[in-house]
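One is the number of the first residue; the rest follow in order along the sequence.
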Amino acid sequence: MARTLRAVSVSALTIMAVLLLPPVEERIAAVGLLAESIGLDVPRPLVPEVRRVEVRVGGVTGDLYLTGLRAPLVVIVPGAVAEAHRDARTVRVARAVAGTGRVVFVPQLELADERVDEADVERIVRATAALDGADLTEGGTVLLGFSFGGSFALLAAADRRIAERVALVAVFGAYWDLTGVIQGVTTGFSTIDGGRVRHRPHPDAPAVLDKVALDLVAAPHRSLLRAALAGAVDPEALPASSRTVFDLLRNRDPERTFSLASALPREVWERLKRFSPASVAERIEAPVLAMHSVDDPAVPYGEALRLDAALPDADVLTVTLFEHVDVQDIGWVSAVDDVLDAWSFATALVAAG
């Protein structure tokens with residue numbers, strides 16, 4: 001009897017020891033993080049209370065989520081959604097991440113108004129640098145970005161002011177080359193290694209793309225180009241510089257996209273490159289984790305393939321359970337692999353830093 005009790009005790013202690021190993025703790029925490037992030041109401045009794053406060057750090061306004069303990073920093077960069085820093089999905093993810101023992105910051109960006117503004121990347125860098133050295137943070141920093149926000153996070157990670165401090169860049173539904181996004185949205189295809197990858201854009205995607213493209217054009221030419229894109233002005237009336245932009249946005253042949261882009265006015269072409277992580281690939285020192293849906297209607301799946309080719313050490317996860325960055329209403333049984341990949345993504349977030 002004593003031998004049996006001793007054996008049971010040893011077994012129980014062994015199981016407890018295994019469960020308490022850090023990797024296992026991280027995987028368990030990732031389950032709660034994933035469930036809460038996608039809106040499932042799950043009990044998390046050991047999660048500390050998370051407070052949200054609006055702050056200004058490094059000259060950048062945003063929301064800080066904290067538990068009162070020093071912890072690694074996670075900067076969340078939302079996509080092009082109105083009031084993105086207070087969007088219900090952003091708040092849910094921020095609270096869930098903070099609950100794993102992280103200090104979370106969500107900056108307010110111009111991207112929320114569907115505008116591409118170089119100052120946004122600067123805001124991400126300044127806020128990260130300021131918080132990384134603050135008394136309330138310790139360890140490495142994670143940049144977590146969604147959609148266009150993920151691409152901005154990649155651009156920020158390449159900045160020499162924070163590059164060495166970034167422990168992980170995790171992106172979901174991000175683009176690699178903005179010209180590739182234009183190609184997918186305008187033609188319905190991405191050209192990858194001589195082949196074509198189908199893209200079925202959301203009905204609103206062309207209008208959003210037009211708005212983004214107008215930000216790349218010099219202010220005096222925007223009104224006339226906007227009218228031409230809306231069909232209110234004959235494109236023949238456009239000056240040569242604006243006409244090249246019009247031709248790119250109304251092109252339907254994927255094989256012509258990149259040659260048309262190279263014919264853009266120099267300042268437009270250079271801005272297009274400056275908003276593309278592809279242009280700073282060699283300066284991204286941190287590990288990169290990317291998740292992308294094959295059915296993403298906003299950012300072509302081909303962009304994940306481009307990222308994978310350019311950053312061979314990146315970990316790229318392909319899923320079908322999500323539509324862009326939202327969960328689709330499909331059978332969970334058929335999506336086991338996707339759930340495991342999403343769990344891996346969440347585990348990497350918990351482990352980093």
Side-chain angles (χ1 to χ4, degrees), residues 20-40 42-55 57-58 60 62-78 84-108 123-146 149-150 152-154 156-157 162 164-172 286-289 291 315 325 342-353:
L20 290 175
L21 287 173
V24 177
E25 285 186 30
E26 291 160 0
R27 289 195 292 269
I28 293 172
V31 172
L33 167 59
L34 177 60
E36 188 173 333
S37 294
I38 62 177
L40 296 181
V42 293
R44 298 178 69 188
L46 301 180
V47 172
E49 180 183 354
V50 175
R51 294 187 300 114
R52 181 182 72 191
V53 291
E54 185 174 297
V55 297
V57 291
V60 181
D63 286 347
L64 194 64
Y65 295 77
L66 64 170
T67 62
L69 301 175
R70 292 190 69 188
L73 172 66
V74 177
V75 177
I76 296 180
V77 189
H85 69 293
R86 292 288 174 88
D87 180 81
R89 293 164 297 182
T90 302
V91 172
R92 205 164 54 223
V93 171
R95 286 192 176 280
V97 173
T100 66
R102 298 294 184 271
V103 172
V104 175
F105 181 69
V106 185
Q108 294 183 28
R123 290 181 182 104
I124 297 166
V125 172
R126 288 207 317 264
T128 300
L131 284 167
D132 182 73
D135 291 339
L136 51 82
T137 63
E138 63 181 5
T141 292
V142 173
L143 300 182
L144 170 61
F146 297 89
F152 282 30
L154 288 163
I162 63 171
E164 293 183 356
R165 295 294 299 159
V166 178
L168 175 71
V169 187
V171 300
F172 188 9
V288 174
L289 173 63
M291 189 160 66
D315 192 359
V325 295
W343 182 30
S344 297
F345 188 89
T347 301
L349 286 177
V350 175

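Atom CZ of residue R51 and atom CG of residue D63 lie 12.5 Å apart, to the nearest 0.5 angstrom. Note that CG of L69 is 13.0 Å distant from OG1 of T137, once rounded to the nearest 0.5 Å. Separation of atoms CE (M291) and CG (D315) is listed at 11.0 Å; rounding is to 0.5 Å. Taking CG of L131 as the reference point, atom CG of L66 lies at 10.0 Å (rounded to 0.5 Å). One finds the CG atom of L73 at 9.5 Å from the CZ atom of R165 (value rounded to the nearest 0.5 Å).
Taking a 6.0 Å sphere around CZ of R70, one finds it holds more than 12 heavy atoms contributed by other residues, nucleotides or ligands.
Taking the side chain as every heavy atom from C-beta outward, Y65 and V106 approach each other to under 4.5 Å. Here the side chains of R52 and R95 are in contact, with some heavy-atom distance below 4.5 Å. Side-chain contact between V142 and V75 is absent, with no heavy-atom pair separated by less than 4.5 Å. A 4.5 Å side-chain heavy-atom check between E54 and Q108 finds at least one atom pair inside the cut-off. Within the 4.5 Å cutoff, the side chain of T100 has no heavy atoms near those of the L349 side chain. L168 has its side chain within reach of L289: a pair of non-hydrogen atoms, C-beta onward, lies under 4.5 Å apart. Contact of the F105 side chain with the V74 side chain is not registered, since no non-hydrogen atoms from C-beta on lie closer than 4.5 Å. Considering only heavy atoms from C-beta on, L143 stays 4.5 Å or farther from V77 through its side chain.
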**Message:** If you apply the rule side-chain contact (heavy atoms from CB on, under 4.5 Å), what do you find for V288 with L154, and how did you get there?
**Reply:** CA-CA 9 Å; V288 174; L154 288 163; 4.1 Å; yes

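Residues P72 and G101 come closest through the heavy atom pair CD-O, 3.8 Å. The two atoms that bring A156 and I124 nearest to each other are CB-CG2, 3.6 Å, heavy atoms only. Closest heavy-atom contact between A71 and R102: CB-CA, 3.9 Å. For the residue pair V169 and A157, the shortest heavy atom distance occurs at CG2-CB, 3.5 Å. Across A130 and G58, no two heavy atoms sit closer than the pair CB-N, 3.8 Å. Summarising the geometry of H85 relative to P107, their closest heavy-atom pair is CB-O, 4.0 Å, with the distance given to 0.1 Å.
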